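Quick caveat, the model's predicted, so the values are computed rather than measured.
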Amino acid sequence: MAARSHALVVPFVALAAALAAVPVHSADPPPAGAAPDAAGFKGTVQPFLTAHCVRCHNAKKAEGKLDLTALGADLAAGKGADAWQAVADRMSAGEMPPEGAKQPDPAAIKAVTGWVERELAKAGKTGATAPGSLRTGNHVPHHLLFGPDAGKAPLDNPPRLWRVSPFIYAEAAKAFKGLTLAQPFALPPGDGFKDTAAVGGLDESTTAQLMRNAETIADEQLALRKVANKKPVKELAPLLDPAPTRAQIDAAVQYQFQLVLKRKPAADELKRFAELYAAAAKLGGPEGGARAVLVAVLMQPEASFRSELGLGAAAGGKRVLAPREVAFAVAYALTDRAPDAELLKAADTGKLATPADVSREVARIFADPKADKPRVLRFFREYFGYGGATEVFKDAKPFPAHNARGLVEDTDRLVRDIVAADKDVFVELFTTNKSYVHHTTTERDRKQVADALAKYEEDKKKDPAKAAAKGPPNLESKRSYLAYGLSDFPASQPVELPKDQRAGVLTQPAWLVANSENFDNHAIRRGKWVRERLLGGTVPDVPITVDAQLPDAPHKTLRERMEVTKQAYCWGCHKRMNPLGLAFEQFDHFGRFRTQEQVTVEATDAKGKKTTALKLVPLDTSGLVDGTGDPAVDGPAPSAVELVRRLAKTDRARQVFVRHAFRFWMGRDENPGDARTLMAADQAYLKSGGSMRALVTSLLTSESFLYRTAK
Amino acid sequence: MTANRRQFLTNVSLGAGATVLSPMLARLHAEAGGAAPAKRVVFVVEGNGVPWHQIQPKGIERNKNLIASGTYTGRSGGVREGVCDVPLKDHDLPAALDPVSFVKDRVTVLQGLSGKMCGGGHSSDFGALGAFTSKGPPAGPTIDCALGKHLGGVFPHVGLGMTERPGDTVVYNCSAVAAGTAAPTQTNPALAYQALFGSAAGGAAKKAFDSRKPLLDHLAADVKRAEASLAGPEREKLQGYLRAFETMRDRHGKLVEMEATLKKNAPPVTDKFTSAVETDRLDAQFSLAGAALVSGLTNAVTIASGAGNPYFSVRFKGLGITLDKHSIGHGGGFEGKTADELSTTIRRFHFELIARLVKTLQGVKEGNGTMFDNTLIVYLSDGAEGHHSRCWEWPAVLIGNLGGALKTGRYLELPGHGAKGHKHIGNLYTTFLNAAGDQRETFGQPDQILGGDVDQKGGVAELLA
């Protein structure tokens, strides 16, 4: 894949000397199979458990079906790895010991979770124990990232390889018009940011698909695909001669290197590729030799992995990214394309060496109207998750005009407007009452409705009896404006919706539908979103022992059905979600504003037969805000609109937003060593009057972006 | 030279070519009365659920031996107690299953399993064949891949599938090699053909195939050089890439040696391989599955028909049904047919293809019988028992006895969830592994709702011969 390329000044293989001094991880896990640390267990872990945990988690009580007294220190032998992992996870998350119990010193918690991580690694549970994996971003206490205590921890940002994303691959595939290239890469399913540097390596099936694609590309380059009038690429054509010269082979390899890897091949690489040509041509003729060489360049590791190892100068325990590394990192931060010519030139001429240089290039790309910057909108899509609306199946019957794709396009456009204005971006996102109204289909729908009604009027004149028998046309599926509570198609867009009905993205139908079920609202998921992404809180996964289903009771409102979550066992977690999410009962599950709610009740029809009927009942939209750190903001909220507007004004919510931006642009979760980066980004945002560009520029010129930890 | 054919085969199979020739030789070997031939499994996973009544044999009532309704929300009508085991010989199969009536003595209609560890919904995705939570990436290997690994083969597992869009080539939502590592479901029959039978092609395609060997050598060497300069988790990322090339290189060698067999058994490529009609493509995938088994390319195949999110809402236009399965799942009728009639028609089409596969396997001699004698075909849905599955029940149909390891020709209903002796899909998959010679005690995640009251270890003893 040509444009998929990204490269270092030097190829991977020439890095050995440079890397000899680069620690690949500041805290490599101990080797699997090492002896268990029994002393650490006795000295550190056991006393902690005795003091804080076993009162509830003992053989008799075994709360949460966990008996800590039965867990041994040898995780491999004791088969307790899963339980230990849960223990460390809950403690890291600050969920255990529970609220109200005596809280241990954070250092003591860290000592215990550290022991568990190390022992899990020894037990061969490496997948779960990549350092830091027991915590997600929100599990880092906010005060360690913002405020007077923050900013003292050293940078903790190991060198890394980052597999190219499906987006980068798809963008690169566009260079080969007319080719069908299946996407070899997948991102993890589910919510949130997906393209992180932790997304693994390349397994066999992915590699096989990459290879099929590379062969298709090579055949296209060599005009072997039997397409009429197609000629091989000039520089590559000699490879198809019966006996190309070494110079011709070298020239072809150089062409492919420049196209794919954006660099010149080294002398030993030229030699190896010439040998490959000879070996493959012997078995498969010139075509086989030519194809092998071209495919081999396309399949180079540096074409599939972004390299961010920190190959620049070392100082103060860290290494700066080399200029070429910076060029690729900046390009992929904003676009899905390899660096443009200017960025590469800056890297090669020493003009990508300082944060000011990076800032200049970021400003240039932001200002360039021709440079497509899909990563910015993607951040908002993944942060809000409103694109999920298209994945929630809805029955057409209750609301025939429901069009999830149209709703998502509306919110996309709204977000684009706010980002383009680049003023008070965060507040606007959560407070604006402006909205698009199926803007991609409005004119078509308006015309179809008008035409159908006109035809009906005409038919009435022609043959009143027939028209009356047929009845007026059913246009319910066309009245898409109903999703936004309007009474007709808007004359112009965006429209201003009533301020007491809509406040930003969380009250847009797209977000509401994305966080709904097939037949109802999903207050729990909505509450979870607010808890995690605005308040920076944590909510554990549903315990596997719970069959998480609300009772099937159509005669009750959702709020009433959710009463079951108030049982002690459930409420510990649900209290973090339900009071926030239930405020969104202001809307139905199609995202329509409402003032009453419908339930299904038993009824008797005219023949005395038992049936069901819909009944309107009063709507309760009350919610409760807590955890903002601001007593003026915490407290009851009468509705979602009020709740969101109130949160949007808080430092806490804005800073949590900055934390999310950090995760997206760094491709990893934050840790206390990133506090300087986070605080600077927040300040840059505030000082610029709420500019997203300023925030992103600050992140891309930060220590966390440009440096890697070195010993 | 006095050695007879049997002796000759025994010697050859133990020789240098054994790794490559083993699938074929095993069959010849068995024919000569030697060791047991290879066992094979085929999983047919149809999206959108299998309502229990659609596979219920005629004249057999479901077990009505109910105990009081359980403690668990969502389950109504009580818990079925005890095992119901009825021979099928006196009962006709229902309309959907009728096409396999000709091997009724090899069919087991299985009711009463659960799969609460999966979570349910429109689909349990990887969880359906993995007996683990459907949330997130695969939590472990799925049974098709686990069996494939155990049974061996040039391709340990072949995943074929059908989605609504002809443009889809590979989807990942059904099978998994290991936790976090999904296995591909190839949804384009033409491309799947290339991957399986490419080495048997002639002319330029053959040359292309041949020149791949030095290419794979070169790439493995390149990755090795890069990988040597790294350490820790980053090194592991490149090691995976290296392993991929090494595996492909090994397989390439084996495919070269199998060329003649593959040429002989490659299915004819018809218009169905590139058809825009879903039923055609599914038909082509069944042809490929049969050919892959017969030529010894693999011993484990999965055919996923509109399985997994978001593919369960496929339309079967080739059967004249333009209503999508999601709407059918919600009770939608079409051209005077009820939802139940529509889904029976679609299910029956699957069983017609299964019947054809059975006949293909019956046509190949193996030992004293045919390949079918050593095969098990499992039919179930990633959507368990219905469109919005809760997984209290997981109806399944087994066809074949896996070399006599399974008792067949019966209707078997196991005790319901919560009753003594209840079994879930994890137990079913353990049974398959045990029957195939892998003696592990559990497969997948346990059902936490069952708690410790029910022993979740082991297989379904009632299934074993």
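- The heavy-atom pair separating A220(B) from L242(B) by the smallest distance is O-CD1, 3.3 Å.
- Residue contact with chain B, scored on non-hydrogen atoms closer than 4.5 Å, involves the side chain of F519(A) exclusively.
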Please determine whether salt bridge (Lys or Arg N to Asp or Glu O under 4.0 Å) holds for the pair R251(B) and E204(A), giving the CA-CA distance in whole Å, both sets of side-chain angles, and the decisive distance to 0.1 Å. CA-CA 12 Å; R251(B) 183 171 305 136; E204(A) 188 206 325; 2.6 Å; yes
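- Contact annotation for R272(A): both backbone and side-chain heavy atoms come within less than 4.5 Å of a heavy atom of chain B.
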Anything under 3.5 Å between a donor and an acceptor, one on a side chain of residues 324-333 of chain B, the other on a protein residue two or more places apart or in another chain? List them.
unit_1, atom_1, unit_2, atom_2, d
D324(B), OD1, S327(B), OG, 2.9
D324(B), OD2, S313(B), OG, 3.0
D324(B), OD2, H326(B), N, 3.1
D324(B), OD2, S327(B), N, 2.8
D324(B), OD2, S327(B), OG, 3.1
K325(B), NZ, E46(B), OE2, 2.8
K325(B), NZ, G47(B), O, 3.1
H326(B), NE2, H330(B), NE2, 3.2
H326(B), NE2, H387(B), NE2, 3.4
H330(B), NE2, H387(B), NE2, 3.2
H330(B), NE2, H388(B), NE2, 3.4

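- Considering all non-hydrogen atoms of both residues, H157(B) and C145(B) come closest at ND1-SG, 3.6 Å.
- In this structure, chain B has no heavy atom under 4.5 Å from any part of D219(A).
- Ranked by non-hydrogen atom pairs under 4.5 Å with chain A, the options K213(B), M117(B), R212(B) are led by R212(B).
- Proximity to chain A is limited to the backbone of A182(B), based on heavy atoms less than 4.5 angstrom apart.
- The contact between Y241(B) and chain A is made by backbone and side chain atoms together, counting heavy-atom distances below 4.5 Å.
- Contact tally against chain A (heavy-atom pairs below 4.5 Å) for H122(B), E236(B), R243(B): the top residue is H122(B).
- The two residues T207(A) and D203(A) have their closest heavy-atom pair at OG1-O, 2.7 Å.
- Ranked by non-hydrogen atom pairs under 4.5 Å with chain B, the options V564(A), T206(A), L276(A) are led by L276(A).
- With chain B as the partner, the residue from P184(A), G285(A), G288(A) showing the most heavy-atom pairs under 4.5 Å is G288(A).
- Take K271(A) and apply the salt bridge (charged side-chain N to carboxylate O under 4.0 Å, His left out) test, not counting sequence neighbours, and it matches E275(A).
- Between the CD atom of E234(B) and the CZ atom of F305(A) there is a distance of 9.0 Å, given to the nearest 0.5 Å.
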